Amino acid sequence: MSFKERLTAEKESALTYSNIIKQLEDILVAAAKDGRTSVLIYLDNEDDYKTRVICNFLANENIDFKKSYNSYTTTELPYIDTHMGGSSDIDASKPVSVVKYRFEGVRVFL
């Protein structure tokens with residue numbers, strides 16, 4: 001078995017329901033032993049299988065949690081709806097600062 005095949009097999013194994021729950025339980029028990037009141041479970045995608053499994057498990061166990069987001073500022077050209085008349089004082093070629101939010105994981109309250 002090549003190294004790449006081993007990585008693929010490990011990834012597939014890690015994404016099984018039982019392994020996701022085992023990892024989650026280990027993290028939560030360690031945080032509880034440390035006396036923490038909350039812990040952030042870092043996740044890559046808000047809508048992927050792993051996030052859904054974790055959220056469903058926590059909800060079924062009546063454990064409080066919420067999805068957590070990082071805010072960041074970026075610049076974009078303003079959106080001007082020409083069908084709604086727009087505003088004559090907006091410069092369509094001048095970038096404006098916009099606050100956006102990026103999913104970072106699930107915060108679990110212990």
Side-chain angles (χ1 to χ4, degrees):
M1 178 183 290
S2 73
F3 181 67
K4 184 175 181 179
E5 290 170 335
R6 275 185 29 218
L7 288 176
T8 301
E10 287 295 328
K11 181 179 175 185
E12 288 174 3
S13 173
L15 291 178
T16 63
Y17 180 86
S18 59
N19 282 341
I20 291 171
I21 298 306
K22 170 94 173 76
Q23 291 171 11
L24 176 64
E25 289 174 345
D26 291 345
I27 292 168
L28 297 180
V29 168
K33 285 181 180 179
D34 287 344
R36 296 169 61 185
T37 57
S38 71
V39 63
L40 180 61
I41 310 296
Y42 290 99
L43 297 165
D44 297 326
N45 186 331
E46 183 173 11
D47 300 316
D48 69 357
Y49 174 73
K50 188 172 185 176
T51 303
R52 287 193 312 270
V53 166
I54 289 172
C55 291
N56 288 337
F57 176 80
L58 293 171
N60 290 338
E61 293 291 324
N62 293 319
I63 298 173
D64 290 335
F65 70 95
K66 71 174 186 169
K67 291 183 178 179
S68 182
Y69 300 87
N70 256 348
S71 65
Y72 64 98
T73 304
T74 186
T75 57
E76 292 182 351
L77 293 177
Y79 171 75
I80 300 173
D81 188 349
T82 56
H83 299 290
M84 298 299 287
S87 177
S88 60
D89 59 343
I90 296 177
D91 183 356
S93 64
K94 181 180 177 189
V96 294
S97 292
V98 178
V99 176
K100 291 194 170 195
Y101 298 91
R102 180 182 306 120
F103 178 72
E104 68 176 339
V106 175
R107 179 160 301 279
V108 182
F109 302 97
L110 305 174

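Given the structure is predicted, the values throughout are model-derived calculations rather than measurements.
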Set of salt bridge (Lys or Arg N to Asp or Glu O under 4.0 Å) partners for E76, sequence neighbours left out: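 E76 satisfies salt bridge (Lys or Arg N to Asp or Glu O under 4.0 Å) with K100 once adjacent residues are dropped.
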Heavy-atom distance under 4.5 Å between the side chains of [X] and [Y], does that happen here?
{"X": "I54", "Y": "L58", "result": "yes"}
{"X": "L110", "Y": "T37", "result": "no"}
{"X": "L7", "Y": "K11", "result": "no"}

Any chain of hydrophobic side-chain contacts (each under 4.5 Å) joining [X] to [Y]?
{"X": "Y17", "Y": "V106", "result": "yes"}
{"X": "V39", "Y": "I21", "result": "yes"}
{"X": "L40", "Y": "L43", "result": "no"}
{"X": "Y101", "Y": "V96", "result": "no"}
{"X": "V29", "Y": "F65", "result": "no"}

T51 side chain to E46 side chain, donor-acceptor N/O pair below 3.5 angstrom: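 Side chains of T51 and E46: no pair found under 3.5 Å.
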Distance-only donor-acceptor check, side chains R107 and S38, under 3.5 Å: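 The criterion, which ignores hydrogens and geometry beyond distance, is satisfied for S38 and R107.
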Backbone of K4 reached by a side-chain donor or acceptor of T8 within 3.5 Å: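 Such a contact is found between T8 side chain and K4 backbone.
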Shortest non-hydrogen separation from V99 to S71 and the atoms involved: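 Looking at all heavy atoms of both residues, the shortest contact is CG1-CB, 4.2 Å.
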Closest heavy-atom pair and its distance - A14, N19: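 Closest heavy-atom pair between A14 and N19: O-CB, 3.8 Å.
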Y42, OH: over 12 other non-hydrogen atoms inside 6.0 angstrom: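 It does not: Y42 OH has 12 such atoms or fewer within range.
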Enclosure of D44 CG (heavy-atom neighbours >12, cutoff 6.0 Å):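 No, not enclosed.
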In Å and rounded to the nearest 0.5 Å, what is the [atom1] to [atom2] distance from [X] to [Y]?
{"X": "L28", "Y": "F57", "atom1": "CG", "atom2": "CZ", "result": "8.0 Å"}
{"X": "K50", "Y": "L24", "atom1": "NZ", "atom2": "CG", "result": "9.5 Å"}
{"X": "L15", "Y": "E10", "atom1": "CG", "atom2": "CD", "result": "11.0 Å"}

Of all pairs that satisfy side-chain hydrogen bond (donor to acceptor under 3.5 Å, both in side chains), the ones with a partner from residues 53-67, not counting sequence neighbours: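 As it turns out, there is no side-chain hydrogen bond (donor to acceptor under 3.5 Å, both in side chains) pair with a partner in residues 53-67 once direct neighbours are skipped.
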Verdict with reasoning, Y49 to I20, per side chain to side chain contact (heavy atoms under 4.5 Å, CB included): CA-CA 10 Å; Y49 174 73; I20 291 171; 3.8 Å; yes
Listed partners of S18 passing side chain to side chain contact (heavy atoms under 4.5 Å, CB included), at least two apart: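 Here the qualifying residues are T16.
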